[in-house]
Amino acid sequence: MQNFNIHSHTIRCHHAVGTDEEYVQAAIKCGLHFLGFSDHVPFRNRIPDHDRMTYDEMNEYLDSIASLKEKYKNQITILSGFECEYFPEFDDYYKELLAKVDYLILGQHYPSQCGTDFCESATDDELVTYSDLVCQGIKSGYFSYVAHPSYFMLARDSWSPACTMAIERICKTAKEHNMPIEINLKGISYGKHNFIDGTSFFYPNKNSIAIVEKYNNTCVYGLDCHDPKYYAKMNNYINEFKTEYPQFNQNMVEDIHLLLRKK
């Protein structure tokens, strides 16, 4: 099984629970060798902070990670990062962040700095914007992998040709730029949903998985952890995914160092 998880949040995002140290202890208990904190990036207060830390909290977040890294250095390797939306006007900001942390992951929740979360609205037209931004983010070279590419299904009652177009663009671009696609285990924890066109996890959605297979993308498991207790369930979620998609035979990232790219 994968011995790392670099998609993990903290209470600073306002929708996670537990102390930073509890995440570390839980990761150690379940046998992980590497833990990466990648809380939602602050955008200097330009996006409402109801789902992310404020910019003023960034230094405290990084100091906490550095302290835990030293305290638990003989038990686990701890890394610092952020989960980011890609907005081209923030290119300099991503470079600034990469000078401070070990990695960034690309999780496109919003179409603009003050837009509506794609988990709340993801029309066919909005999926064009979604895929545009994700593909631009992939091409930027700032990010280690694409998180939850079919996240937008939380806002939809069916899969459409526009969904296929969006995921095909993302998978094709990721393949061209050698960027892994995340198999998001938080989506597995939600269970299956009855869509108009059939039953599937919201994400990873069955239609999205078929496209990942079509483009032969390299993949990585991400726990997207918002509560330390889910570390104990990580391998269960991986096994549940494998049971649901027994034909899935993509190359999985096993060496965490392959993900720690710097621009």
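Counting heavy atoms of neighbouring residues, nucleotides and ligands inside a 6.0 Å radius, atom CD of Glu254 does not exceed 12 of them. By the neighbour-count criterion of 12 heavy atoms within 6.0 Å, atom NZ of Lys233 is densely surrounded, having more than that number from other residues, nucleotides or ligands.
Exactly one residue among Ile76, Leu260, Ile256 makes a side chain to side chain contact (heavy atoms under 4.5 Å, CB included) with Phe34. That residue is Ile256. Of the listed residues (Leu98, Ile105, Leu106, Ile138), just one forms a side chain to side chain contact (heavy atoms under 4.5 Å, CB included) with Phe143, and that residue is Leu106.
Both Trp159 and Tyr215 belong to a common hydrophobic cluster when Ile, Leu, Val, Met, Phe, Trp and Tyr are linked at side-chain heavy-atom distances under 4.5 angstrom. There is a path of hydrophobic side-chain contacts, each under 4.5 Å, that joins Tyr203 to Phe248. Taken together through direct or relayed side-chain contacts under 4.5 Å among Ile, Leu, Val, Met, Phe, Trp and Tyr, Tyr55 and Leu104 form part of one hydrophobic cluster. By the criterion of side-chain heavy atoms lying less than 4.5 angstrom apart, applied directly or through intervening Ile, Leu, Val, Met, Phe, Trp or Tyr residues, Phe195 is grouped together with Tyr190 in one hydrophobic cluster.
Grouped with Val128 in one hydrophobic cluster are Met165, the linkage being side-chain heavy-atom contacts under 4.5 Å among Ile, Leu, Val, Met, Phe, Trp and Tyr residues.
When every heavy atom of Ile181 is checked against every heavy atom of Ala174, the shortest pair comes out as CD1-CB, 3.8 Å. Taking each heavy atom of Ala147 and Gly107 in turn, the nearest pair found is CB-CA, 4.1 Å.
Note: Tyr94 and Tyr86 meet the aromatic proximity criterion, with ring centroids under 6.0 Å apart.
Judged by distance alone, the side chains of Asn5 and Tyr230 never bring a donor and an acceptor atom under 3.5 Å apart. Using a 3.5 Å distance cut-off with no hydrogens or angles, the side chains of Tyr145 and Thr218 do not pair a donor with an acceptor. Looking at Asp224 and His7, their side chains do bring a donor and an acceptor atom within 3.5 Å of each other. In this structure, a donor-acceptor pair under 3.5 Å is present between the side chains of His33 and Asn3. Side-chain contact annotation: Gln25 with Tyr72, donor-acceptor N/O pair under 3.5 Å present.
Contacts classified as salt bridge (Lys or Arg N to Asp or Glu O under 4.0 Å) and involving residues 65-77 (residues at least two apart or in different chains) are given here: Glu21-Lys71, Glu70-Lys73.
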Audit row: Asp51, His40, side chain to side chain contact (heavy atoms under 4.5 Å, CB included) steps and yes/no: CA-CA 8 Å; Asp51 62 357; His40 296 282; 5.7 Å; no

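In this structure, Ile78 and Ile65 have side chains that are in contact, with non-hydrogen atoms separated by less than 4.5 Å.
Phe87 and Phe43 have tilted rings, their planes meeting at an angle from 30° to 60° on a 0 to 90° scale. Taking the six-membered ring where tryptophan is involved, the planes of His193 and Phe202 are essentially parallel, since the angle between them stays under 30° and well short of 60°. Between Tyr245 and Phe201, the ring planes are tilted. Angles from 30° to 60° get that label.
Judged by distance alone, the side chain of Ser64 and the main-chain N or O of Glu60 form no donor-acceptor pair under 3.5 Å. A donor-acceptor contact shorter than 3.5 Å is absent between the side chain of Glu22 and the backbone of Pro228. Judged by distance alone, with hydrogens and angles left aside, the side-chain atoms of Asp102 form no donor-acceptor pair with the main-chain N or O of Gly81 at under 3.5 Å. Looking only at distances, no side-chain donor or acceptor of Tyr221 sits under 3.5 Å from a matching main-chain atom of Asn184. The backbone N or O of Ser8 sits less than 3.5 Å from a side-chain atom of Ser38, completing a donor-acceptor pair. No side-chain donor-acceptor contact under 3.5 Å links Ser208 to the backbone of Pro204. The backbone N or O of Met53 sits nowhere less than 3.5 Å from a side-chain atom of Tyr61 that would complete a donor-acceptor pair. Checked by atom type and distance alone, the side chain of Thr243 pairs as donor or acceptor with a backbone atom of Asn239 at under 3.5 Å.
With respect to Arg156 and Asp124, a salt bridge is recorded, a charged nitrogen being found less than 4.0 Å from a carboxylate O. Between Glu244 and Lys206, no side-chain nitrogen of the basic residue sits less than 4.0 Å from a carboxylate oxygen of the acidic one, so the salt-bridge criterion is not met.
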